[in-house]
Amino acid sequence: MSKIEQAFALAKERYAELGVDVDAALAQVEKIQISLHCWQGDDVLGFESGGSLSGGILTTGNYPGKARTPDELRADAEKAMSLIPGKQRFNLHAIYLENNGQKVDRDQIEPKHFQGWVDWAKAQKIGLDFNPTFFSHPKAADTLTLSHPKKEIRDFWIEHDKRCRAIANYFGQELGTPCVVNHWTPDGLKDTPVDRLSPRKRLAESYDEIFSVKYPKENIRDGVESKLFGIGVESYTVGSHEFCMGYAMKNNLLLTLDAGHFHPTECISDKITAASLFVDEILLHVSRGVRWDSDHVVIWNDQMRAIAEELIRSGVINRTYVALDFFDATINRVAAWTIGSRNAIKALLCAALEPIAQLRELETSMNYTKRLALLEELKSAPFGPVWDYYCEKQGVPVGEKWIAEVEQYEKDVQFKRV
């Protein structure tokens, strides 16, 4: 028996004393798929034409070795996935098409422009998720897209989103797993508007037309995502939380909750169960805002723990899609994926290692003294050996050993791109 197995056996005994079935917790977490976001690998630039970011999105840093081609991005993603326990998916934005050097505007994209991604996903035995891209385009320069007062602008973006949904349906057909499509627009205004209603009416009407095309649920799941504000749209966001939650409820769509899209004092953990009563499924964007929606790499902090605990304790994890959403160009991009993913999974596993039935019974009987005492004791339970064991059984590096693999990869592959 290895040292990791010995430590795990002792930890398992301790958790059993606390009323926790460790094997059941491991089995539960193993089923959770984390969707890795393509935009961490290349600083949200995509492969349209090498343009710059716009639409209130800002990537800071210039760490060497970012992916410049689809093949490089896929190679980097493969490396990250080899260091992350469990099952992953991959999340694409529409600007990550493969157009073979041809000009393909966003209202003209087709499944053929993503065939390379489908072939890769089949080889990796993973699912693909998708996002229409409503930023970094001349027709988004006014900070309004689906809510633009000009019909020709709205029609362009409506057609773009319709084509994105058709591509997502193709992904679902080819890969045998639903493609989760997240619909987020950066629409808003820098200064205080006098008419907040009309843009929201236009956005709702645009969505109505987009979602009028029906696809099988086994191929595609659609979600709408809100945001508090963005750079250049500080005073008014068309797709607010109330708008998106209301639209999702009315139209039986996923509600997307992004950890960085609310006020800094808010944690989306408290929103999960409230929303779950009125929407069938939730798309969770795991991110870390610092002072504003700055999309820092996810760490295992109190907010991440609270989100994971709410998902596991309530059982809502069984109807939640978990995706990462951050972009940091100040550190190695493969490491960013790895750190964020491993921390999200750590939080979920730690939450699964609670005696939930016992805690719920204590709360129902209003024995708040014992509930608090038990929750505090759980904080010093031997989680580390369980995590190490899970990583070993999943065939990924234990502890900090993955860091050396990334350092070697950047030396052999990424730094040679500069």
Side-chain angles (χ1 to χ4, degrees), residues 4 26 29-30 32-44 59-67 71-92 120-121 124-129 259-260 284-288 290 294-301 303-305 307-308 322-350 383-384 386-417:
I4 290 176
L26 292 171
V29 172
E30 188 176 6
I32 301 171
Q33 296 188 8
I34 304 291
S35 190
L36 273 66
H37 52 315
C38 67
W39 49 96
Q40 170 57 60
D42 79 324
D43 307 342
V44 209
T59 301
T60 55
N62 192 31
Y63 197 88
K66 71 181 176 185
D71 284 339
E72 289 181 353
L73 184 57
R74 287 190 280 261
D76 290 355
E78 284 181 35
K79 185 61 183 179
M81 289 188 288
S82 74
L83 306 173
I84 303 165
K87 187 76 171 178
Q88 291 85 48
R89 302 171 62 84
F90 203 65
N91 196 6
L92 290 169
W120 174 73
Q124 299 298 313
K125 298 180 180 179
I126 61 172
L128 291 176
D129 298 319
L284 176 68
H285 274 191
V286 182
S287 184
R288 177 171 59 105
V290 177
S294 46
D295 286 319
H296 284 57
V297 176
V298 170
I299 61 175
W300 188 23
N301 59 3
Q303 189 176 66
M304 185 66 247
R305 290 183 72 126
I307 292 169
V322 182
L324 302 181
D325 185 5
F326 50 78
F327 33 96
D328 189 342
T330 68
I331 64 174
N332 182 285
R333 295 164 184 84
V334 172
W337 269 323
T338 306
I339 294 167
S341 300
R342 287 172 70 112
N343 280 324
I345 300 166
K346 277 182 183 178
L348 290 163
L349 178 56
C350 192
F383 169 77
V386 179
W387 169 251
D388 289 346
Y389 177 82
Y390 181 61
C391 288
E392 184 174 71
K393 289 300 179 183
Q394 292 291 319
V396 302
V398 174
E400 73 284 357
K401 293 179 181 178
W402 66 267
I403 300 172
E405 289 201 31
V406 171
E407 290 174 336
Q408 190 64 46
Y409 182 77
E410 68 177 10
K411 178 181 177 182
D412 295 342
V413 178
Q414 292 175 297
F415 285 178
K416 291 181 179 180
R417 297 170 184 167

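Only a predicted model underlies this, so the values are computations on that prediction, with no experimental measurement involved.
Residues K79 and D76 are not paired through a salt bridge, judged by the lack of any N-O separation under 4.0 Å between the basic side chain and the carboxylate.
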Which side-chain N or O atoms in residues 386-404 pair as donor and acceptor under 3.5 Å with protein atoms at least two apart or in another chain?
residue : atom : partner : partner atom : Å
Q394    : OE1  : G86     : N            : 3.2
Q394    : NE2  : E30     : OE2          : 3.3

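Of all heavy-atom pairs spanning S287 and A259, the tightest one is O-CB, 3.5 Å. Closest approach of S341 to L36, counting heavy atoms only: OG-CD1, 3.9 Å. Minimum heavy-atom separation, F90 to A77: CE1-CB, 3.5 Å. The nearest pair of heavy atoms linking W300 to A347 is NE1-CA, 3.5 Å. Contact record, I331 with A336: CD1-CB, 3.9 Å, taken as the closest heavy-atom pair. Of all heavy-atom pairs spanning A121 and L128, the tightest one is CB-CG, 3.8 Å.
Using a 4.5 Å heavy-atom threshold, the side chains of E410 and V334 count as separate. Side-chain contact between V322 and V286: present, with at least one pair of heavy atoms (C-beta onward) separated by less than 4.5 Å. Using a 4.5 Å heavy-atom cutoff, the side chains of Q414 and N332 are in contact. I339 is not listed as a side-chain neighbour of V298, based on a closest heavy-atom distance of 4.5 Å or more.
Summarising the geometry, atom NZ belonging to K346 is positioned 11.0 Å from atom CZ belonging to R305; distances are rounded to the nearest 0.5 Å. With values rounded to the nearest 0.5 angstrom, I34 atom CD1 is found 12.0 Å from N91 atom CG. Here the CD atom belonging to Q88 is positioned 9.5 Å from the OG atom belonging to S82, to the nearest 0.5 angstrom. Taken from CG in L83 to CZ in R342, the straight-line distance is 7.5 Å, to the nearest 0.5 Å. A distance of 9.5 Å separates CG of L324 from CD of Q40, quoted to the nearest 0.5 Å. Rounding to the nearest 0.5 Å gives a distance of 9.0 Å between CD1 of I84 and CH2 of W337.
When atom types are taken as modelled, the side chain of T330 and the backbone of G61 share no donor-acceptor pair closer than 3.5 angstrom. Looking only at distances, no side-chain donor or acceptor of R89 sits under 3.5 Å from a matching main-chain atom of I126.
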Stepwise side chain to side chain contact (heavy atoms under 4.5 Å, CB included) check, E405 with Q408: CA-CA 5 Å; E405 289 201 31; Q408 190 64 46; 5.8 Å; no
Audit row: K87, K125, side chain to side chain contact (heavy atoms under 4.5 Å, CB included) steps and yes/no: CA-CA 10 Å; K87 187 76 171 178; K125 298 180 180 179; 4.1 Å; yes
Test log, rule side chain to side chain contact (heavy atoms under 4.5 Å, CB included), inputs M304 and N343: CA-CA 8 Å; M304 185 66 247; N343 280 324; 5.5 Å; no
Side chain to side chain contact (heavy atoms under 4.5 Å, CB included) between W120 and E78, worked out: CA-CA 10 Å; W120 174 73; E78 284 181 35; 2.8 Å; yes
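Using bins of under 30°, 30° to 60° and over 60° for the plane-to-plane angle, the ring pair H37/F326 lands in the perpendicular bin.
Applying the salt bridge (Lys or Arg N to Asp or Glu O under 4.0 Å) definition to pairs two or more places apart or across chains, those involving residues 327-341 are D43-R333.
In N62, the CG atom is not crowded: 12 or fewer heavy atoms of neighbouring residues, nucleotides or ligands sit closer than 6.0 Å.
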